[in-house]
Amino acid sequence: MSFESLGLSAPVLQAVADKGYTEPTPIQEKAIPIVLMGRDVLGCAQTGTGKTASFVLPMIDILAEGRAKSRMPRTLILEPTRELAAQVAENFEIYGKNHKLNMALLIGGVSFPDQERALERGADVLIATPGRLLDHVERGGILLNDVKILVIDEADRMLDMGFIPDVERIVGLLSPMRQTLFFSATMPPEIRRLADRFLSNPKEVTVSPPASAGTNIVQGLAIVPEDEKREALRGLIKSQDVKNAIVFCNRKRDVVTLLGSLKKHGFNAGALHGDMSQPARMETLERFKQGEIQILVASDVAARGLDIVDMSHVFNFDVPFSPEDYVHRIGRTGRAGKTGHSFTLASPSEGDLVQAIEKLIGTTIPRIEVAGLVTTDFEASDGRRRGRGRGRGGRSGDKPRGPRREAKEPREHHERKPRPPAEPHAEARAELHEPREHASRERAPREQAPREQRPREHKPREHAPREHGPREHRAEQHRPQRERKSDHRPERRERRHEGRDEPAPVGLGDHVPAFLARSSR
DNA sequence: AAAAAAC
């Protein structure tokens, strides 16, 4: 499978080739043709699967026709964090370099006037975090009713972060005559309900992450007392061939203290968390990407989606509160077919959290020892240590390590239950609920001819479209979208008569690894 | 429990 067969235009393909990509990822292969058809997409995929390009590339092509009016953006992409938003903007720059696209990036923490100017110029692409976007809306700087394509990215994370009311408000300002692309790493019922409301007759695309909890990530876990974690981390870093690494902390203030400690010990480190000023966040991230900073100490602002190629190591200075976050954190390494390394420092009281993670990923994280340090075992929930007591060395002046938890009621989940069989993490796979041939039968004329049969060459948009040139197709590509809403119902009925007893399945069925499908805890 | 996001 090559990019050429997906129906993208020559200038976009050129930009992809220049970037060095030759083969689409499963989600790109499945989603790009659907987006080009003008249909809604419900994508179950997390970053690292090539999800961003799966909507950026076709959007560039669709946007090649026409231009935006002042304050009336033609497309809107919602992202949960500022960094993700900036990353999507970068993607548009990279792949849209052969097109003249006006872009506006509306995120908090940076100055308003620049963003206002970009809006006034007329934004073909508007990329935003919800808060700042609504701020502009309230000031009357944007009219959203001309938005033709809406992308809601990382929907589950938006839910976690309490953005859904904002998102609903924003979607309420859009015309129902739009194409919607909705992406989420997980599909809990709440997200599913949202998708049902925002999408119209969507195609579902499901992709399991390329390294769900790490077939190509070497994992390790060391149990060390809380006050020895910094020393343990230094030992770990030195024992490893660390090219570049993220160290995750649960709290922002720990990010700050750990950064100080690492710097004091001569490490080349920087910090990233949400209390930093936005310019500082961007600068640190850029320097990390450039390799000027070797170790990035970060809060979970960096846990999901950040696309940093070739990161050799992820360290968890703390066990993440939610097991899903563990998967996201370690997923920052082991990308693009490389082997990644992930090491977690757990304090003796964090046994419950570790157990939850191991249950989620279906394997036990190998316990490791840090040279020269005492490693202990987890406390049992009744306050006693489990297993064989302490490792070599012993500690002099053994001071009490914080309050031990009092014995509560016996907790059933501490009994070792047989673990569910591990999910096959083999290859990233993508499944469409309906085979594509099916799609082409049920919908004419837009879906009739595969786009690869009508090659187009790029023309700058100042040139008048040719009467019967390939560009005409593109214009046509947009028109049926209007028809879609009106013939939505009849189409559904037809489908039932086509031998289907039920409408297209909404559930993801077996295509989602169990641990991803779970909502939370 | 923490973090994220608007001023």
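Residue numbers start from 1 in every chain, and the chains themselves are labelled A, B, ... in the order their sequence lines are given, proteins ahead of strands.
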Rounded distance in Å - [atom1] ([X]) to [atom2] ([N]):
X      : N     : atom1 : atom2 : result
A:L84  : B:dA3 : CG    : C1'   : 14 Å
A:D325 : B:dA1 : CG    : P     : 16 Å
A:D166 : B:dA4 : CG    : P     : 17 Å
A:D160 : B:dA1 : CG    : P     : 17 Å
A:L134 : B:dA4 : CG    : C1'   : 16 Å
A:E138 : B:dA5 : CD    : P     : 18 Å
A:R157 : B:dA3 : CZ    : P     : 13 Å
A:F248 : B:dA2 : CZ    : P     : 18 Å

Does [X] have a side-chain nitrogen or oxygen under 4.0 Å from the phosphate oxygens OP1 or OP2 of [N]?
X      : N     : result
A:S299 : B:dA4 : yes
A:T129 : B:dA6 : yes
A:R82  : B:dA6 : yes
A:R281 : B:dA5 : yes

What residues form a ring-ring contact (aromatic ring centres under 6.0 Å, His included) with A:F92, not counting sequence neighbours?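 Counting only residues at least two positions away or on another chain, A:F92 forms no ring-ring contact (aromatic ring centres under 6.0 Å, His included).
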Once ring-ring contact (aromatic ring centres under 6.0 Å, His included) is applied, do any residues pair with A:H341, and if so which ones, sequence neighbours excluded?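 Counting only residues at least two positions away or on another chain, A:H341 forms a ring-ring contact (aromatic ring centres under 6.0 Å, His included) with A:H313.
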Does any N or O in the side chain of A:T333 come within less than 3.5 Å of the main-chain N or O of A:M311, such that one atom is a donor and the other an acceptor?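 Side chain of A:T333 to backbone of A:M311, a donor-acceptor pair under 3.5 Å: yes, one is there.
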Measure from the side-chain N and O atoms of A:S184 to the backbone N and O of A:D156, and report whether any donor-acceptor pair falls under 3.5 Å.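 Checked: pair present.
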Mind checking A:G162 for me? I need base, sugar-phosphate or nothing, with any heavy atom below 4.0 Å counting as a touch.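 The answer is nothing, as A:G162 stays clear of every strand by at least 4.0 Å.
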